[in-house]
Amino acid sequence: LPDIFDEVAEDLRAERARKLWARYGSLVLAALFVVLAGVGGYQGWRWYEAREAERAATAFMAAHRAAEAEGADLKAMAQRFEEASRGAPAGYRDMARLRAAALKAETGELAEALRLYDAIAADSSADQLYRDLASLLWVIRSLDQGDPAMLTARITPLTRPDSAWNASAREIAALIALRMGRRDEARQAFQALAADVTAPRGVRERAQRLVMGLEG
């Protein structure tokens with residue numbers, strides 16, 4: 001008798017399993033498909049990202065070497081960097097745009113350079129490091145003719161202690177103060193920079209020379 005009961009119980013379990021599968025089997029398969037598709041999609045996306053990053057790196061370095069070559073057409077190179085930025089992963093896209101802006105400034109297309117710097121600084125998808133650098137370079141390129149109040153407003157956020165460009169921003173802010181005739185403020189800022197061991201050596205040395213010039 002126990003054997004018969006066991007067989008009946010097993011048949012009942014099998015029947016129940018068949019009914020459950022008939023009812024939920026399609027959902028289970030669908031769920032498995034979603035999981036597998038997700039894993040495969042993730043791996044595929046990783047492969048695609050790696051391929052696109054390699055392609056962008058190759059294009060950027062080729063453009064960089066061409067721009068550094070003797071006799072290079074810098075205007076054409078600026079265009080080449082702009083083209084290389086289109087569709088490139090974020091980091092290479094931003095570096096290419098910054099390089100294009102620098103070349104435009106060097107070749108007299110200052111308005112276009114400033115437009116590019118502004119576009120990068122305002123791009124929420126760009127890394128904050130590049131956005132801040134674009135703002136810094138915008139101010140540097142505008143020092144001679146830009147409105148001092150606007151330049152000050154633009155550079156001040158970059159002088160905060162946690163800014164990657166803190167030392168350079170403080171140097172530019174001091175130069176703006178000097179241009180506005182605020183010699184004491186500029187001298188104090190340069191003195192602080194000259195004594196700041198965390199600032200790059202070049203910034204400290206320039207600050208020291210400017211302090212000597214202001215005190216002389």
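The structure presented is a predicted model; accordingly, all values stated were derived computationally and were not measured.
The environment of R86 atom CZ is dense: over 12 non-hydrogen atoms of other residues, nucleotides or ligands sit within 6.0 angstrom.
A continuous path of hydrophobic side-chain contacts links L175 to V139 [ILVMFWY only; heavy atoms under 4.5 Å]. Both L178 and I176 belong to a common hydrophobic cluster when Ile, Leu, Val, Met, Phe, Trp and Tyr are linked at side-chain heavy-atom distances under 4.5 angstrom.
Taken to the nearest 0.5 Å, the CD atom of E109 stands 10.0 Å off from the CZ atom of R115. Here the CG-CE distance, from D127 to M95, works out to 11.0 Å after rounding to the nearest 0.5 Å.
Within the structure, side-chain hydrogen bond (donor to acceptor under 3.5 Å, both in side chains) contacts touching residues 186-197 (residues at least two apart or in different chains) are R170-D196, D184-R187, Q191-E215, D196-T198. Sequence neighbours left out, not one pair with a member in residues 136-145 passes salt bridge (charged side-chain N to carboxylate O under 4.0 Å, His left out).
Taking every heavy atom of both residues into account, I120 and Y130 meet most closely at CG2-O, 3.9 Å. Closest non-hydrogen pair, A173 versus T159, comes out as CB-CG2, 4.4 Å. Here the shortest heavy-atom pairing between F190 and A207 reads O-CB, 3.4 Å. Smallest separation of non-hydrogen atoms from A121 and A134: N-CB, 3.9 Å.
Residues satisfying the salt bridge (Lys or Arg N to Asp or Glu O under 4.0 Å) criterion with R209, sequence neighbours excluded, are absent altogether. For R80, the side chain to side chain contact (heavy atoms under 4.5 Å, CB included) partners two or more places apart in sequence, or in a different chain, are A62, A63, A66, M77. Remark: R93 pairs with D123 by the salt bridge (Lys or Arg N to Asp or Glu O under 4.0 Å) rule, at least two apart or across chains. Qualifying side chain to side chain contact (heavy atoms under 4.5 Å, CB included) partners for A78, counting only residues two or more places apart in sequence or in other chains: L103, K104. Every residue meeting the side-chain hydrogen bond (donor to acceptor under 3.5 Å, both in side chains) condition with D132, not counting sequence neighbours, appears here in chain and number order: Q128, R160. Not counting sequence neighbours, the partners of L136 by the side chain to side chain contact (heavy atoms under 4.5 Å, CB included) test are L133, I140, I155, L158, W165, S168, A169, I172. When the salt bridge (Lys or Arg N to Asp or Glu O under 4.0 Å) test is applied to R206, the partners found at least two apart in sequence or on another chain are E171. Partners of A167 under the side chain to side chain contact (heavy atoms under 4.5 Å, CB included) rule, at least two apart in sequence or in another chain, are L193, A199, P200, V203. Residues passing the salt bridge (Lys or Arg N to Asp or Glu O under 4.0 Å) test with E185 are R182, sequence neighbours excluded.
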Solution key, residues 145-154 side-chain donor-acceptor pairs under 3.5 Å, sequence neighbours excluded:
from: D147; atom 1: OD2; to: M150; atom 2: N; distance (Å): 3.1
from: T152; atom 1: OG1; to: P148; atom 2: O; distance (Å): 2.9
from: R154; atom 1: NH1; to: D118; atom 2: OD1; distance (Å): 3.1
from: R154; atom 1: NH2; to: D118; atom 2: OD1; distance (Å): 2.7

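One N or O on the side chain of R179 and one on the backbone of L143 form a donor-acceptor pair closer than 3.5 Å. A donor-acceptor pair is defined here as one N or O able to donate and one able to accept, closer than 3.5 Å; no such pair exists between the side chain of R131 and the backbone of A126.
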